[in-house]
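Notes for the one structure printed next.
Positions are given from 1, in the same order as the sequence printed here. Values below: every heavy atom of this structure, side chains too, minus hydrogens, waters and symmetry copies.
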Amino acid sequence: MQNVHYEVRGQTAVIRMDNPPVNGLSWALRSGILAALEQAQQDAAVKAIVLTGYAADFSGGADIREFGTPKSASAPNLPMVIRALEDSAKPVVAAIGGNCLGGGFELAMGAHYRVARADAKLGLPEVKLGLLPGAGGTQRLPRAIGLENALNMVVGGAVVPGAKFAGSKLIDEVTEGDVVDAAVAFADKAAAKPGPYPRLRDLKVEYPAHEAYLQFARNMVGAAAKGAPAPLKCVEAVAASASKPFDEGLRHERELFAQLMNSPESRAMRHIFQAERAAAKVPGIGADVKPRRIEKVGVIGAGTMGGGITMNFVNVGIPVVLLETSQEALDRGLATIRRNYENTLKKGKLTQEELDARMARIQPTLSYGDLKDVDLVIEAVFESMDVKEQVFRQLDEIIKPGAILASNTSALNLDRIAEFTRRPQDVIGLHFFSPANVMRLLEVVRGAKTADDVLVTSMQMAKRIKKIAVVSGVCDGFIGNRMLARYGAAASDLLNQGALPQQIDGALQKFGLKMGPYRMGDLAGLDIGWAGRKRRAAENPGAYKRVVADLICEQGRFGQKTGAGWYRYEPGKRDPIPDPEVEKLIQQFRAEQGITPRKVSDAEVIERCMYALVNEGARILEEGIAARASDVDVVYLNGYGFPALRGGPMHYAEQVGLPEVVRKLRQFAAEPGADPSWQPAPLLVRLAEQGQGFPA
Ligand code: T1G
């Protein structure tokens, strides 16, 4: 029997699933369960059956690694295994500890009885993969806990502790002890009774006037779905439990599940699930490389970034020495941190006790000497190489050997920063995204000399502070900002050629981005980019190329902060209002540049902006700055508001087809005066010619 262990305790057969890492219900495990069930049926000494998994995972659901392969639906498929549990002549008790999710939960609902640990985690998170429970969950759960509770669990995908189901038809016994022992004892008692044994499928969903409730649910779920097809199909599947006989409801569920399984949205969401876990793995570093211990952290700079970074660590119990150059700056930084926590407290998501504990973990100081025993120090000072040099030379004198020195720089050359110390092997980049206490993305920038264990430590630390870490090599802008620069240039091209900010933003927001580039610029402040362009122009006048944004900034229009930027804003409001003054400035710029404006379609806006991202992403891959295309997606999804339903720029390009992307890039590159960066990256050309997608 594959992936299961079979033992008999007294008169009860215990079938223990064993398919690491989380008992994903693969074809082999499904076959193993059936074989073990058959063995138990044949064994006259066996009067009852317990099905269980690991202490930490009963089962994490269908084996995601099989999706898109024939094995995923090959017999015995999951519904067949569940039916075998229900049809067992001997009582079957599911012993549930740890994660009992998706198909794993559906499997447990096929048993006659369920015994769960109070802290077991039960849920149907399929909707988060763009799916719905496809093995009877939408039909059995309403019969066990009622229509409303079941609908909330299926549409929300939330995980609920076993204790919450005590006394329901779903969980027959809740235990604080060993769940297998409890289940064996329960099974012995069940065996003393004659069959047939209870099946959730035989219950009825009692909900008078359920159609009125379901219509209300459809309206609410539809409004919140934001274009995702799965939530409303979840409602339809659950609705069938109240209006159709069980087997008809199963068929309806299966039809809806198949539609979702083949949807681009679910493919995108499943890609993201795998991509976020793949990003945590650093190629070429073996399990023998152990992380350093991090028990105390130093943060330099109590500004927006330094304060947010500090919060990440004290939130998970790690004390922080927070250093500033003046008491006033230190006090201001602490006040901001406290205010952020008080806002969380007001939302009921933090207790006063925890707020005080977190604040107490911060040791404010004006003295570098107080950093002498930290295990990791992160500087979040002004983005100037001179300032970084001064800070790192001082740190090199103070920080204990073996500690890690990290820079939060968003673009400066980390290798140069490392050379300001006598320990470049201990230097790494930890690029947090603002606000650092909110944004999940962390670019971990690996310098040429960064030691492997420093990298491993940083990746482990990222998980500990609940960040999604992606390793980046050293280049201007690392992964995200480097791609953003090309995206911004593509948008600027469109502005020059005939589009207006509101058209470009509108098209991209319709595509799914939370905010188009011009609204984003007005939010972030146009003066920041302007200062950068002026600095680069001063350093290298020959390379400077005037852009239309300069005309906007020269009018003192820096965005929301000045009440006008690419748009204008009513006092105290943030709604972008198209401004004829901006259109005049753009027309003035086109005239200055000798450009005759042309009509630009929304489709072209999407093609140019998206393919600019993809092309730069391909170059980032070619240069080894990112290890895999899915890492590039993880960065752009978690740091730049790319729509999850599209899976990320690189996944989107594969859905469009790389040959089409290359064809369009070549078309853009062939235009008179086109920027050379429109030339398709050699990697893209090669993959397109070979009819391949990006390597995993
Ligand atoms: N199948 C295969 N592998 C899985 C898996 C699964 N269902 N879930 C997790 N893994 C792998 C994951 O890729 C990683 O692998 C390792 O386990 C640890 O994961 C018919 C069709 C279970 C709560 O959506 O929510 O059932 O990177 O880092 O933080 O209706 O994984 O180490 O090689 O997340 O402890 C529904 C998805 C499937 C649950 C554990 N089930 N998984 O969290 O570890 S669809 C889900 C999770 C379905 C049926 C339908 C979490 C977890 P590697 P991890 P974790």
Item to complete: In plain terms, say whether Asp375 and Lys400 are close enough for a salt bridge, that is, a side-chain N and a carboxylate O under 4.0 Å apart.
Response: yes
Practice prompt. Return yes if a side-chain donor-acceptor contact under 3.5 Å exists between Thr421 and Asp396, otherwise no.
Written response: no
Practice prompt. Kindly give the heavy-atom pair with the smallest separation between Tyr368 and Leu323, and that separation in Å.
Written response: N-CD1, 3.4 Å
Worksheet entry | Residue that, paired with Glu397, satisfies salt bridge (charged side-chain N to carboxylate O under 4.0 Å, His left out) out of Arg422, Lys372, Arg423 | Arg422
Discussion item. To the nearest 0.5 Å, what is the distance between CD on Gln460 and CZ on Arg292?
Written reply: 13.0 Å
Worksheet entry | Exercise: do Asn615 and Arg486 side chains pair donor with acceptor under 3.5 Å | no
Practice prompt. Give a yes-or-no answer on whether the side chains of Asn408 and His431 include a donor-acceptor pair shorter than 3.5 Å.
Written response: no
Item to complete: State, without any angle test, whether Tyr341 and Asn315 hold a side-chain donor-acceptor pair at a distance under 3.5 Å.
Response: yes
Worksheet item: Looking just at side-chain N and O atoms, do Asp493 and Trp678 make a donor-acceptor pair shorter than 3.5 Å?
Response: yes
Fill in: Nearest-0.5 Å distance that lies between atom CG in Leu414 and atom OG1 in Thr450
6.0 Å
Worksheet item: Centres of the Phe433 and Tyr640 rings: under 6.0 Å?
Response: yes
Fill in: Modelled atom types, side-chain donor and acceptor of Ser407 and Glu379, under 3.5 Å
yes
Discussion item. Distance alone, cut at 3.5 Å: any donor-acceptor contact between the side chains of Asp575 and Tyr567?
Written reply: no
Fill in: Lys346/Glu342 salt bridge by N-O under 4.0 Å criterion
no
Discussion item. Can a side-chain donor-acceptor contact be found between Thr409 and Glu383 if the only test is distance below 3.5 angstrom?
Written reply: yes
Discussion item. Tell me the closest heavy-atom pair linking Val321 and Thr365, and the distance in Å.
Written reply: CG1-CG2, 3.6 Å
Fill in: Check ion pair Lys545-Asp550 (N to O, under 4.0 angstrom)
no
Worksheet item: Below 4.0 angstrom, N of the basic side chain to O of the carboxylate: do Asp631 and Arg628 qualify?
Response: yes
Item to complete: Give the minimum heavy-atom separation between Leu513 and Pro643, together with the two atoms involved.
Response: CD1-CD, 3.8 Å
Worksheet item: Which word best sums up how the rings of Tyr636 and Phe642 line up, parallel for under 30°, tilted for 30 to 60°, or perpendicular for over 60°?
Response: perpendicular
Worksheet item: Is any side-chain N of the basic residue among Asp452 and Lys290 closer than 4.0 Å to the acidic one's carboxylate O?
Response: no
Discussion item. Distance alone, cut at 3.5 Å: any donor-acceptor contact between the side chains of Ser384 and Asp386?
Written reply: no
Discussion item. Looking at Glu276 and Lys463, is any side-chain nitrogen of the basic one under 4.0 Å from a carboxylate oxygen of the acidic one?
Written reply: no
Worksheet item: For Phe420, is the NZ or CZ atom of Arg416 found under 6.0 angstrom from the centre of its six-membered ring and inside 45 degrees of the ring axis?
Response: no
Discussion item. Could you check whether Glu623 pairs with Arg619 (Lys NZ or Arg NE/NH1/NH2 to Asp/Glu carboxylate O, under 4.0 Å)?
Written reply: no
Discussion item. Tell me whether Glu581 is salt-bridged to Arg557, with the criterion being a basic N under 4.0 Å from an acidic carboxylate O.
Written reply: no
Worksheet item: Are side-chain N/O atoms of Asp522 and Tyr569 paired as donor and acceptor at under 3.5 Å?
Response: yes
